[in-house]
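For reference, the structure discussed in these notes is given below.
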Amino acid sequence: MNLLLASSPHQHNKRTTGQIMRLVLYALIPGIAMQTWFFGIGTLIQIALAVSTALVTEACILELRKRDFERSLQDYSAVLTAVLLAISLPPFAPWWLVVIGSFFAIAVVKQLYGGLGFNVFNPAMAAYVLLLVSFPLQMTQWLPAQSLAQYSHNWLDAFYTIFTGYSQDGFSLSQLRLGIDGTTMATPLDTVKTSLAQSLTYHESLQLPIFDSTVSGLNVAWSWIAFAYLLGGLLLIRQKVINWHIPLSMLVSLFAITLFMALVDGDRFGSVLFHFFNGSIIIGAFFIATDPVSASTTNKGRLVFGAAIGLWVYIIRTWGGYPDAVAFAVVIMNMAVPLIDYYTQPRVYGHRERSNKKEAKE
Amino acid sequence: MQSAFEDVMTKLNAKELWDFPGGIKPEQHKQLSNQTPIDKLPLPERLYVPLKQHIGLEGHVCVEPGQHVLKGQPLTKSMNPFAVPVHAPTSGTIINIAPHVAAHPSGLPELSIEIASDQQDQWIPLQPMPDYQQRGKMAILGAICDAGISGMGGAGFPTHIKSSPKKTVEFLIINGIECEPYISADDRLMREHAWQIRQGIDVLCHLLEPQAVLIGIEDNKPEAIEAMNVACRENPRYQICSIPTKYPAGGEKQLIQVLTNREVPSSGLPIDVGIIMHNVGTCFAIADAIFSGKPLIERVVTVTGQAVHKRGNYWALIGTPVAHLLAHSDYKAIKQKHPVTIMGGPMMGFTLRNNDVPVVKTTNCILVPADRELGGSITGDKEQPCIRCGACADACPASLLPQQLLWHAKAKELDKAQDYHLFDCIECGACAYVCPSEIPLVHYYRIAKADVRIEQQEKQKSDKARERFERRAKRLLDEQQAREEKHRLAAEARKQAMAQQGNDAKDKIAAALARAKAKKAQLADNTEQNTTANQAKSAAVTQANTPEQQPSDTPSTLQGSADDRLATGASANDRVQAAIARAKAKKASAALANDKLNAEATLPASGTNAPSSQNIETPLPTESASARKPSAVQAASAEKSKEKPKNRVDASKNTNRVENEGIADEALPKASVSNPLDEKQQKIASAVAKAKAKRLNNASKAESSQTKAAKPDTDENKAESVRAAEQIDSSEDDTQSDALNAKKQQIAAAVAKAKAKKAAQAAEKGE
Amino acid sequence: MSISIALLAMAALALIFGAILGYAAIRFKVESDLLVEQIDAILPQTQCGQCGYPGCKPYAQAIAEGDAINKCPPGGDATIKKLADLMGVEATSLDSAHGQEDVKKVAVIREDECIGCTKCIQACPVDAIVGAAKQMHTVIADECTGCDLCVEPCPVDCIDMLPRPNSSAAWRWQLTPIDIKQVS
């Protein structure tokens, strides 16, 4: 009688890659719900488009690579990438934008590098950067939150706008973007950046209607979305899906530098709250920078990785050409991951120094 | 760096502990088996006792098939300190000593002793040592070693070696952690035999004299902690430490870290940080050995898993087949789609190839899971790509980076894997347990480790092969040079001779005639000078060669071809002929032996052949020209025959030739593989022959002073006999394949010598 | 005038650099033998001659002088990879003209058939066969490199090349059962 042979350990905890990816997706739900609430059904349409494109692309390429795509699709990594990309795009962005983006994310950034686990860059963010650089106009056409918009829109409008460029009533996307004051609305970050460029002070720009919250420097919609993502992120840490290192170090480094700069010159540099709850800092810290494949893998390395992202975000936001910078910061730091990993190896049990490895290399 | 003894004790007294990084908390499943007391098993029909059940060497078998053994009788013994004996687990008959499937993940067969139980279970007389405190430490260690005790926790390190450290022991740690899920053997043992475990600890304390004794038990075994507390109550030095349940807290290095915050240096031992650790099972076995004299022949084995119905702990004799254990715990393999038997726990145990594998000293658990009980990798290949989530690094108790290791191990970049401290991996399996991609990480590390070890072995082997190859090449080169040198010298000598004699030497017939003449002359002269005698032999060689159609060949080749004929033909006729020839030769050999030995006696005994042949040659020019040619041939032949024995390592068997050529001393070192007895005989023989030769030499010297001319008829006789002798001698050399033949030959030679002496005397008289 | 200055300057520079280069060539000279030694250390030392050279050292010499690195079947891909690393060239697959990578083997003499002709002893490149004329020969298994060279000279074909036996010490954790291939 021959028995089945296997190598130890024979026991296994029940959490698989697919389950981890699904957990991340669940944790995104509150944020997506908020985004839909404030910006309309467009986000969901984008998600649907992105996910279907991503899955088809992944299946095709795996087929070309003669891999078992059915099993690979079950790991939900493509779905997660697509969802992260879709929620970063303007809700009413034209359909081809998201299709190009998710195709690029899966085909080029992920599969050309060898598929899951081998990609150097975060696929969603690399695709976002590509789209931002290639189609800057479409990528910045964020709508004002429903409460601020001049023209209201329903879910059919979202469909029409995404696929034809015009709403049911024939409004173009630029018209839909008009705020109640008749000016084109942008994201809060964009607004402030433009104002600062027009030699307004930071405090003056906060008087603009987009900052509709009772708390100075906040936009109701963006703040709520950020809170929702924060909730999801904390859930992930609690479930031990992600480690606390990257989010914490990223937020702490951003906090430190914004606080310092705001204290130095409050007229030119935004406050801590302004930076944290406008734009994609929270989702970036909890969902994007923590992408396991392209992030640092040692705990010390994660701290460095997160802190450096925080720093880059602030630098690009403040002095760079783009209003938001999480995607750029993440992609830049992805490149540095091998270096960080190499120099942040933990001290192994029974070894006094880490240096004997370097000596061996000599 | 390492925490001082006082700090450790202060913290321990305050009931505080350290922690180790990583670790996992798998489901325990200990309730399955730890509810019932340890049960006895009926005696199995057959027992298979592997010779090697521990780290180290196996002993020599000291029993034989068919022998009846008593329970506890040693089956192996060895003087090597790293060998631990094994004992008969019950009384019965030894059926077989043959390879049997081993308790090793490979399932490869290893030498085992098969015993058929006689169901009597009769002990050999036991020799307890209750007064151990009055005995010397060596006596106690000896008793522990003789009882066959090796570590019962996992690795199986010989206990007596661990218990005789060279350094001072600060902590003696008793490991009762049993951190692997499912296993409860140590748990039950502590609950039921805490007293005896304490006795074992007493013995260890006597041996090791530690400053503190710490007994570590995981906090999921409150009954065991209580039992040990009661047992150790009267000795306040023994401190029972309740360790938080976390896998792999029972790992030696991890437990040391938890209790003392010290780290065993990489590739070091716990004693390097002043710690010795023993398993509770080992303590129990030590107490058994010292207080009742029983060797280690049984141990507690947990039989568990949802596929067995009577789960629990059993006293299993070492050598009991797993099938026997399972049969007594109601296991039905047929009901399973994928029957699996795991020896050890679910984290570090290994699957068995079949259930005939015997229980060994390190077997603590037999786990038979139901089809879906463990999940994960066991039901097939579910490996997915690594997503670099780092869960493995978080779980690793040694702070390794498992995914980097995996990367390099998979790519066979063994150097880089070692840079990432591959060999500090304790193979606990925590990384593979948490891996969401279900990558069997530990399996890859094991392969990489095995590859590294094999590569090192191969490196060693290839270095040795290189050295041997180079030595051989150098030797061949040296020989060639020496040969060329000799040819050159011979040629020179010939040239000189020709210059003296003129061109007529070219004439072959003349040369042949001259040679024949020279032979006669030499034989005549053999009483005159030793060197001449030697030449006579060479002349004979030349002659002997001619009929073989190998004029340029040497005696050794000749003898080779003759032997070939003998061996391949092997007809009785040939043999008879050979025998006759040999008999003749023996007679004749006397003369030859005299000649040769004379030559040898004058030459320096330690000199190699090269100087000897030169010695022979140098006086030549002063002699007659006809004598020179053969000498050149002889030089060549001597050289060849010198070369041959080198190739043949057992040249020592070619006694006569080697000896006659005077290079026995050179050949002897090569002969180390041959029977030393033969060598000795040869030496004696050669010594005797030398002595005789000396005497003969003296005689012949006396002779030579009398006259230089010899009777032609005697000489011719002699020449003939010499020729025959050479021929037969050489063929004889090879047929004596054993000492008996050699002896016979020696006797024959002696007889022949005696005869030769007589002949010499006759010749003297004739003159 | 300016041209001559330029020429002078160029010449001066050339001299200086030449001197530096010359000095560096002497100062940092790499012993050429060292490379042969390094290559030799990588080769498996079976001394089988399958590469077409009489032993590993001559092949190492040949590689150092530019011969292909893929002629060593006993070393197989692992050796080629290491040689490629050392020589800074692309690792190619084994040249099948020189044979296939095979399992490690050891020569075994069927001793009752041996006639004691010593031919295999002379063929063995590492002196791993002992015996004398007319005496049975045997292989020192530990020293045998499995080079195959003794098989050919044997007049009675009593030498077998057997795969080295498995032992649990040299086990590479192959858990899947070994496929049995039908060899025609």
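Just so it is clear, the model here is predicted, and its values are computed rather than measured. Here is how names work: the chains are called A, B, and so on, in the same order as the sequence lines, proteins then strands, and each is numbered from 1.
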Pick whichever of C:His137, C:Lys104, C:Gln45, C:Lys57 has the most heavy-atom pairs under 4.5 Å with chain B.
C:Gln45
Looking only at C:Cys56, C:Pro155, C:Ala41, most heavy-atom pairs under 4.5 Å shared with chain B are made by C:Ala41
Write out, in numerical order, the residues from residues 88-99 of chain C with a heavy atom short of 4.5 Å from a heavy atom in chain B.
none
Most heavy-atom pairs under 4.5 Å with chain C, out of B:Lys459, B:Lys449, B:His443, B:Glu470, belong to B:His443
Counting heavy-atom pairs under 4.5 Å with chain C, the top scorer among B:Pro109, B:Gly107, B:Ala473, B:Ser106 is B:Ser106
Is atom [atom1] of [X] surrounded by more than 12 heavy atoms (other residues, nucleotides or ligands) closer than 6.0 Å?
| X | atom1 | value |
| --- | --- | --- |
| B:Leu477 | CG | yes |
| B:Arg471 | CZ | no |
| B:Phe82 | CZ | no |
| C:Glu152 | CD | no |

Are any non-hydrogen side-chain atoms of C:Asp77 and B:Lys412 less than 4.5 angstrom apart?
no
Any side-chain heavy atom of C:Asp127 within less than 4.5 Å of one from B:Arg475?
yes
C:Pro44 portion near chain B, given a 4.5 angstrom heavy-atom threshold
backbone
To the closest 0.5 Å, what do you measure between NZ (B:Lys461) and OG1 (C:Thr46)?
10.0 Å
Can you name the nearest heavy-atom pair linking C:Thr145 to B:Ala465, along with the distance?
CG2-CB, 3.6 Å
Between C:Ile140 and B:Arg468 the two heavy atoms that sit nearest each other are CD1-NH2, 4.4 Å
Could you check whether C:Lys82 pairs with B:Glu455 (Lys NZ or Arg NE/NH1/NH2 to Asp/Glu carboxylate O, under 4.0 Å)?
yes
